[in-house]
Protein chains: 2
Amino acid sequence: MINKEEFRRKVIITAGAIFSRYGFKKTTMDEIAKGLKMGKSSIYYYFESKEEIFEAVVLHEANILRNELTTAIKSVESPVEKLKNYVFVRMKTFEKLSNYYNAIFDKNLDHFDFVENIRSRYDLEELAIIRLILYHGARKKVFSVSNSEYTALAIQTSLKGLEVPLFWQKKEVNIEDRLNAILDVLFHGILKK
Amino acid sequence: MINKEEFRRKVIITAGAIFSRYGFKKTTMDEIAKGLKMGKSSIYYYFESKEEIFEAVVLHEANILRNELTTAIKSVESPVEKLKNYVFVRMKTFEKLSNYYNAIFDKNLDHFDFVENIRSRYDLEELAIIRLILYHGARKKVFSVSNSEYTALAIQTSLKGLEVPLFWQKKEVNIEDRLNAILDVLFHGILKK
DNA sequence: GACTTATCGACCAATTTATTCGAAAATTTT
DNA sequence: AAAATTTTCGAATAAATTGGTCGATAAGTC
């Protein structure tokens, strides 16, 4: 192995896949070790505990989400497109990051305080991004937003509402449709007539 | 509850769903009990052990497979269609019966001798069905089969070959395509010119 | 060949978990 | 409604699992 960081990344990928299939509790260190083709005890040379691995995995997924989102809104110009992209990419990516949303929603995991840390940090970041989009939209006279902070919060809240069923029922029944509906309401309430 | 059989069926359905998600080992009696909204110890009034539940689940799935297959070949007349139906329905149904194929393929489970019993019994039944189709096809002068026993075995073997990836990689990449290819080879080697 | 880095097997303590058991509900029979 | 039976359950337990430790040892570097 070249260096520790390199190997830690490998652990995160491997463990992430297993966690995402069986969840934190049902995943054993032995399985992770097997996945890495290593002795179980070797993992402890790189990570303090199973929980630390999970934390790294969740953080990793949170970073993926952030990256996908920032590139998604950079890829277009108009505020409408930015917001659309943001919302869509958010849901699409979210579906894949099962460890992230399990960490957030699973009651058996909420005693990990790192979960709350990551979540609240990313909530704030997200809010800032949405506010920025709204702000630019308002500047370009495409949106009419009286209070960007509360509007951003409203948007964020409705997006959160869409996350819930991801956890409760894996079936992606009609997320996309419901997303479109929300977007529709959002724009027609927000667009300058 | 009306009677024990009724309740056993309920257990089989509930436990089957959990087993199919987490596998035999990772599924706990507590989870099954929770799924049934019952005390854990109550289950033992109906089943001797976790293993017996799993056996019942696997048997249940094996029966589903058999039923689907017999109705599938009854639904058409021509031997070609029968064979096509048989092969397709077999694969389609097999994908859903994860406990059945896990029982067959998972090395951590092969110490359960009931698995071997069920498997060998159904192998024989399957062979008989295939032979029957071949036999009727030969009678109607649609197939030309020199030795129906060995031909049936050959067909069964190639079907088994398609099962393997189901276990190793959940992704149903190209099962259908490969199935078509096999069918193509099969018919053009078997059809009377 | 000393010194550091990385891997591992054996082991342990704590937790989990399948199963048991006696007793209490719930239901049926008398 | 008492007695008998069936069904449910919580508490207890014995066995297995599992996260984590530690000393040894291999692999690599100076």
Side-chain angles (χ1 to χ4, degrees), chain A residues 1-19 21-58 99 102-103 106-115, chain B residues 1-19 21-58 99 102-103 106-115:
Chain A
M1 232 43 64
I2 301 173
N3 60 13
K4 285 199 179 187
E5 267 320 304
E6 186 79 20
F7 189 76
R8 276 177 67 100
R9 227 168 295 151
K10 216 175 147 182
V11 174
I12 288 170
I13 299 303
T14 306
I18 306 177
F19 279 137
R21 167 140 187 211
Y22 294 117
F24 175 78
K25 201 181 169 200
K26 280 183 191 289
T27 296
T28 71
M29 292 297 285
D30 264 316
E31 285 168 322
I32 297 175
K34 216 170 195 176
L36 292 164
K37 296 177 208 308
M38 280 196 105
K40 173 176 55 162
S41 41
S42 304
I43 301 177
Y44 286 89
Y45 187 68
Y46 301 93
F47 287 89
E48 288 240 322
S49 63
K50 179 180 164 187
E51 184 181 327
E52 200 196 281
I53 299 178
F54 187 64
E55 178 174 349
V57 167
V58 173
N99 291 306
N102 271 322
D106 195 328
K107 284 208 172 170
N108 298 316
L109 297 174
D110 65 1
H111 58 89
F112 292 155
D113 29 357
F114 78 84
V115 169
Chain B
M1 231 41 65
I2 303 172
N3 59 14
K4 286 200 180 185
E5 266 321 303
E6 186 76 21
F7 189 76
R8 276 176 66 101
R9 227 167 296 152
K10 218 176 145 180
V11 174
I12 289 170
I13 298 302
T14 305
I18 305 177
F19 279 138
R21 167 138 187 214
Y22 294 118
F24 175 78
K25 201 182 171 199
K26 279 183 192 290
T27 296
T28 71
M29 292 298 284
D30 262 318
E31 285 169 322
I32 297 175
K34 214 170 197 178
L36 292 164
K37 297 177 208 308
M38 280 196 105
K40 175 173 53 164
S41 41
S42 304
I43 301 176
Y44 286 88
Y45 186 68
Y46 300 94
F47 287 90
E48 288 239 321
S49 65
K50 180 179 163 188
E51 185 180 326
E52 200 197 280
I53 300 178
F54 187 65
E55 178 174 349
V57 166
V58 173
N99 292 306
N102 271 323
D106 194 329
K107 284 209 172 170
N108 298 316
L109 297 173
D110 65 1
H111 58 90
F112 293 154
D113 30 358
F114 77 84
V115 170

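Naming: A, B, ... by sequence-line order, numbering from 1 per chain. The analysis underlying the following values was restricted to heavy atoms, covering all of them including side chains, and did not include hydrogens, waters or symmetry mates.
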**Q** Which nucleotide in the set C/dT19, C/dT7, D/dT8 lies at the smallest distance from any side-chain heavy atom of B/Tyr44?
**A**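 Between C/dT19, C/dT7, D/dT8, the one nearest the side chain of B/Tyr44 would be C/dT19.
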
**Q** Only counting residues at least two apart or in another chain, list the ones meeting side-chain contact (heavy atoms from CB on, under 4.5 Å) with A/Lys50.
**A**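 Here the qualifying residues are A/Phe19, A/Phe24, A/Met29.
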
**Q** Which residues satisfy the salt bridge (Lys or Arg N to Asp or Glu O under 4.0 Å) test with A/Glu48, sequence neighbours excluded?
**A**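 Result, salt bridge (Lys or Arg N to Asp or Glu O under 4.0 Å) vs A/Glu48: none returned.
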
**Q** Output all residues satisfying side chain to side chain donor-acceptor pair (under 3.5 Å) with A/Lys40, sequence neighbours left out; order by chain, then residue number.
**A**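 With neighbours one apart ignored, the set is empty.
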
**Q** Going by the rule side-chain contact (heavy atoms from CB on, under 4.5 Å), which residues pair with A/Lys26 if we only count those two or more places apart in sequence or in a different chain?
**A**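 Partners of A/Lys26 by the side-chain contact (heavy atoms from CB on, under 4.5 Å) criterion, ordered by chain and then number, come out as A/Tyr22, B/Tyr22, B/Lys26, B/Thr28, B/Glu31.
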
**Q** Just verifying a value: how many Å separate B/Asn99 CG and B/Ile18 CD1, rounded to the nearest 0.5 Å?
**A**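 B/Asn99 CG to B/Ile18 CD1: 10.5 Å, rounded to 0.5 Å.
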
**Q** Rounded to the nearest 0.5 Å, what separates atom OG1 in B/Thr14 from atom CD1 in B/Ile53?
**A**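 Answer for the OG1-CD1 pair, B/Thr14 versus B/Ile53, is 10.0 Å.
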
**Q** Within less than 4.0 Å of OP1 or OP2 of C/dA6, is there a side-chain N or O belonging to A/Tyr45?
**A**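 It does, given that an N or O in the side chain of A/Tyr45 lies less than 4.0 Å from OP1 or OP2 of C/dA6.
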
**Q** Run the side-chain contact (heavy atoms from CB on, under 4.5 Å) test against B/Phe114 and tell me which residues pass, sequence neighbours left out.
**A**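 Counting only residues at least two positions away or on another chain, B/Phe114 forms a side-chain contact (heavy atoms from CB on, under 4.5 Å) with B/Glu51, B/Phe54, B/Glu55, B/Val58, B/Phe112, B/Ile118.
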
**Q** B/Arg9: which residues meet the side chain to side chain donor-acceptor pair (under 3.5 Å) condition with it, sequence neighbours left out?
**A**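 Not a single residue meets the side chain to side chain donor-acceptor pair (under 3.5 Å) criterion with B/Arg9.
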
**Q** Working to the nearest 0.5 angstrom, can you tell me the gap between A/Leu109 CG and A/His111 NE2?
**A**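 That separation rounds to 6.0 Å.
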
**Q** Rounded to the nearest Å, what distance is computed from the CE atom of residue A/Met38 to the C1' atom of nucleotide C/dG9?
**A**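 From A/Met38 CE to C/dG9 C1': 14 Å.
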
**Q** Mind checking whether B/Met38 and B/Phe7 have side chains closer than 4.5 Å, heavy atoms only?
**A**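 Heavy-atom side-chain distance check passes, below 4.5 Å.
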
**Q** Measure OH/B/Tyr46 against C1'/C/dT19 and give the value in whole Å, please.
**A**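 Checked: the OH to C1' distance equals 17 Å.
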
**Q** Which of residues 49-56 of chain B sit near DNA chain D, with a heavy atom under 4.0 Å from it?
**A**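 Residues of residues 49-56 of chain B under 4.0 Å from DNA chain D: none.
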
**Q** List the residues meeting side chain to side chain donor-acceptor pair (under 3.5 Å) with A/Asp30, not counting sequence neighbours, and say none if there are none.
**A**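 Expected list: none.
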
**Q** What integer distance in Å separates B/Ile43:CD1 from C/dC21:P?
**A**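 To the nearest whole Å, that distance equals 18 Å.
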
**Q** Write down the distance between CZ (B/Phe47) and P (C/dT20), rounded to a whole number of angstrom.
**A**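 About 15 Å, once rounded to whole Å.
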
**Q** In the 5'-to-3' direction, what one-character label does each nucleotide of nucleotides 24-30 of chain D receive under the scheme B = base within less than 4.0 Å of a protein heavy atom, S = sugar-phosphate only, - = no such atom?
**A** -------

**Q** Pairs under 3.5 angstrom, nitrogen or oxygen only, protein versus nucleotides 10-12 of chain D, please.
**A**
unit_1, atom_1, unit_2, atom_2, d
D/dG10, N7, B/Ser41, OG, 3.0
D/dG10, O6, B/Ser41, OG, 2.4

**Q** Using heavy atoms and a sub-4.0 Å distance, could you list which residues of residues 22-37 of chain B are near DNA chain D? By number, please.
**A**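 Output list: B/Lys25.
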
**Q** Please identify each residue that fulfils side chain to side chain donor-acceptor pair (under 3.5 Å) with A/Thr27, with sequence neighbours left out.
**A**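 Listed in chain order: nothing, the list is empty.
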
**Q** Between A/Arg8 and A/Tyr46, is there a donor-acceptor pair closer than 3.5 Å when you use the side chain of the first and the backbone of the second?
**A**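 Such a contact is found between A/Arg8 side chain and A/Tyr46 backbone.
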
